[in-house]
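Proteins come first, then strands; the chains are lettered A, B, ... in the order of their sequence lines, and each starts at number 1.
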Amino acid sequence: MASKKEISLKDISKYIKDGDQVLVGGFGLSGCPLTIVDEIAKTDVKDLTIVSNNLGEPQKGLGKLLDNGQIKKAIGSYFTTHRGAVNAWNEGWLEIELLPQGTMAEGIRAAGAGIPAFYTPTGAGTKLSDNKEVREFDGKEYVLEKSIPGDVALIRAHKADEYGNLVYRKTQENFNTAMAMAGKIVIAEVDEIVPIGELNPEEIKTQHLFVDYLVKTRYEIEGGTFVERTK
Amino acid sequence: MASKKEISLKDISKYIKDGDQVLVGGFGLSGCPLTIVDEIAKTDVKDLTIVSNNLGEPQKGLGKLLDNGQIKKAIGSYFTTHRGAVNAWNEGWLEIELLPQGTMAEGIRAAGAGIPAFYTPTGAGTKLSDNKEVREFDGKEYVLEKSIPGDVALIRAHKADEYGNLVYRKTQENFNTAMAMAGKIVIAEVDEIVPIGELNPEEIKTQHLFVDYLVKTRYEIEGGTFVERTK
Amino acid sequence: MNAQNNAKTMRQDIAKRAADELGEGEVINLGVGIPTLIPEYLGDKHVFLHSENGLLGTGPAPEDGEINPDLINASKQPVTELPGSAIFDSALSFAMIRGGHVDTAVIGALQVDQTGELANWAVPGKDILGVGGAMDLVAGVQKVILTMTHTSKSGEAKIVESLTYPSSGYRKADVLITEKAVFTFKDNQMYLVEVADGVTVEEIGKTTAASFVVAL
Amino acid sequence: MNAQNNAKTMRQDIAKRAADELGEGEVINLGVGIPTLIPEYLGDKHVFLHSENGLLGTGPAPEDGEINPDLINASKQPVTELPGSAIFDSALSFAMIRGGHVDTAVIGALQVDQTGELANWAVPGKDILGVGGAMDLVAGVQKVILTMTHTSKSGEAKIVESLTYPSSGYRKADVLITEKAVFTFKDNQMYLVEVADGVTVEEIGKTTAASFVVAL
């Protein structure tokens, strides 16, 4: 049986509309759904709010969407990997919301876990808590942070089984599981879809109930880097 | 090399003192550190606040501590498995704090994750949110729940490696990982301590930085139940 | 559905009707009591059973010699795991429930009011010493199906105008299945959508202490 | 410690001294810059290196042919995994940091004040577009060790009475290591506990725009 969840690359754009808040996995290029992002870069979808740790690099990963002007706002922890993000922000057409990386990870998980808000010590007493509610617990200040849901989550894993259970390659997981939990629609890009029963129940990192669709990646590792397969 | 974290059963009592809040893993008897609990039942330690889903059964697991009168307060989601708990509460010598099971799990995880409090929809509009702060987010009511830390966490896993990384047997994990995160001192009861490198980095469920001490269990599975090894 | 006055058949009938409500491929959490009978009536329909203690893909009870006391469901009964199942911890398991990732919970109730608000964890005047995952399920899943006998053993109405038992939360049930009828709830209004063979709307009216719209 | 006026040696000296602060078996998070040099100076001491992106037990850079772009550290550099390492997701990784499970963070700073409050993520008047895990580390780990050059390249004091750069949070550093000196902080007071060979207390005073107690 083929996975009922597998879709073709051209179907991806059906699930993303103008103005969506889109969670995109990855820490740098590792764990970033490069094929899915490439497909979106080919479409006219625009005004996206992208939640991702960084915005890729020029013409790589999310950098393509930025270069195309498809992104209206970016929420993340580190934008200086792509000089274009800094420029776009200076030019005033890209809104940026900077979050401590741990607050971002926890906020995404919270959205997936039904928690609308939580208190964290991170950022208390800094500019990043300006305009945020601060509250004391046991004499220490904490910042109230809201959860970070996604209309869509685009994630990357190593293998899926036909139900959509996922496992990752080494540190590829990073934000992906939390984003799968937090996305209303979740599309996972994988190297391979294996038959039911091939993954051990204990090794599954992202359970199938979080995953709506699967696509096969066009990228493979070659010479220590991610290379697009030329058909 | 033997694990530096392994301690003998008689050393367990060194780490638990009168009045401690003690997190105890397990859903029923599965994942409950039966050997550690037995050792505590042999000591005079008293006035404990026990955080555990249930209080075991008469003369089994935490039931022993209850029967001995070593417990002052119990925080959990389901106490009717041990009639003694209900009686002790009626007699007025056992304080009980009832929490929805998901709130309990999330509160324990929060304590381990540096989150002092969070909002949850569970319990809003019920007696269990009496005297708790309620707040609206997007027009819906949520209850503020505090994190649930432990002076000590007593947990149960299947295998440890010599660093203290843990893996579980099937649904044995339940509250154990969250409790390992939330305990100031964490003692894990295991079937076996394996050499470094024998566990795959990806299969580890509780990472060694959460675990302080290891003890070997005296219980084994026989005839579909947990049986104490008679030396 | 047949309204025989036989407790066992009654429970089986309710479970059978509840099974019809479940969609192919859904993630389902089954409460104690009547809902545990549902798997017998699924036929060819494939659903994923979620157990609060950390299992998605719960299978039937094992053979006697195959019991693993570390492979249990939320009722602490030994179970098996089906191919494609996943195992995880309690915090993630309730994140699934509270976060809306479980499609449907089928649970019992002590009382339900005409808006769909339900009581399923405590009896007035009795010790309140157990809640388990009941409130998390009510607050979190996409669809709540209640299964219960239409009246108490002593014949008292369990479907009421407003709850006298402690509420399980603001969230309303979507469907209520008894041995006599099926109701749905929408915008705080209760609709009678099915009656069992041989049961009249009049009889439903007499045994139901709540207002409902007849929508057969 | 030797205060040569050579940037590379200076950084190595700081890293070497920082390595001495780490305890056997500790879980350590190393920031970018000088802290990345620390592993060279650990000798027989065994510590566990934690990477924010989800690795506990980070090993050295791989051989050229052995690079896996999906096995990286928080600086996005390819690494290896040591035996006994564990891999996990970002949410759990920061739970470890924020929850106090990482013993020590060794991080750089742009400025530190005499109470130990530090600034390590933004420069006044420049775009504030990156923070990464800096604030989580400052807020969460058990011990914060700062490594930095004693003054800026243009000779300006980086150890100041009160911060002019944006703060990284309320949490104070525990130890500050420069090429000239080692300071500790306790109860909002700064203590000079070591000077490098050939460096006088007077010189420290001149290059430090903050009050400190000499406790050599």
Side-chain angles (χ1 to χ4, degrees), chain B residues 1-5 23 105-118 147-151 153 157 159-168 173 177-186 193-214, chain D residues 22-29 44-59 68 70-73 79-105 133 135-144 169-171:
Chain B
M1 142 176 136
S3 174
K4 286 180 200 157
K5 290 188 171 173
L23 312 175
E106 188 70 11
I108 295 167
R109 177 196 176 274
I115 303 296
F118 59 93
S147 67
I148 308 169
D151 298 301
K159 288 184 195 177
D161 71 12
E162 287 164 343
Y163 288 154
N165 288 308
L166 305 179
V167 296
Y168 297 87
E173 183 178 9
T177 290
M179 288 180 169
M181 294 170 68
K184 276 210 268 301
I185 297 171
V186 179
I193 301 174
V194 302
I196 297 304
E198 231 178 75
L199 304 179
N200 289 328
E202 291 87 350
E203 75 173 315
I204 291 163
K205 299 285 181 147
T206 307
Q207 295 75 22
H208 66 78
L209 82 176
F210 294 126
V211 179
D212 297 299
Y213 304 107
L214 301 172
Chain D
L22 307 181
E24 174 71 25
E26 282 189 355
V27 174
I28 312 289
N29 189 293
D44 287 343
K45 189 153 53 189
H46 178 247
V47 299
F48 297 99
L49 297 182
H50 175 272
S51 289
E52 285 100 309
N53 56 315
L55 177 56
L56 176 62
T58 311
N68 177 353
D70 280 326
L71 182 54
I72 60 176
N73 65 15
V79 293
T80 50
E81 47 184 351
L82 297 176
S85 69
I87 289 175
F88 36 86
D89 84 324
S90 295
L92 181 57
S93 187
F94 281 94
M96 292 174 179
I97 291 172
R98 215 177 29 235
H101 306 287
V102 172
D103 295 302
T104 302
M135 288 185 187
D136 301 284
L137 286 165
V138 170
V141 302
Q142 295 295 331
K143 183 176 179 180
V144 173
Y170 289 122
R171 160 62 181 276

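By the 4.5 Å heavy-atom criterion applied to side chains, B/Q207 and D/H50 are not counted as neighbours.
Residue with the most contacts toward chain D among B/A111, B/G112, B/A113, B/A110: B/A113 (heavy-atom pairs, distance under 4.5 Å).
In this structure, no portion of D/I97 lies under 4.5 Å from any heavy atom of chain B.
Using cut-offs of 30° and 60° on the angle between ring planes, the pair B/Y163 and D/H46 is parallel.
A distance-only check finds no donor-acceptor pair linking the side chain of B/N165 to the backbone of D/S85 [under 3.5 Å]. Of the possible polar contacts, none joining the B/H208 side chain to the D/A86 backbone as a donor-acceptor pair under 3.5 Å is found.
Within the model, atoms CZ of B/R109 and CG of D/L92 stand 7.5 Å from one another, a figure rounded to the nearest 0.5 Å.
Heavy atoms only, all atoms of each residue included: B/M181 and D/H101 are closest at O-CE1, 2.9 Å.
The only member of D/L82, D/I87, D/L71 that meets side-chain contact (heavy atoms from CB on, under 4.5 Å) when paired with B/P201 is D/I87.
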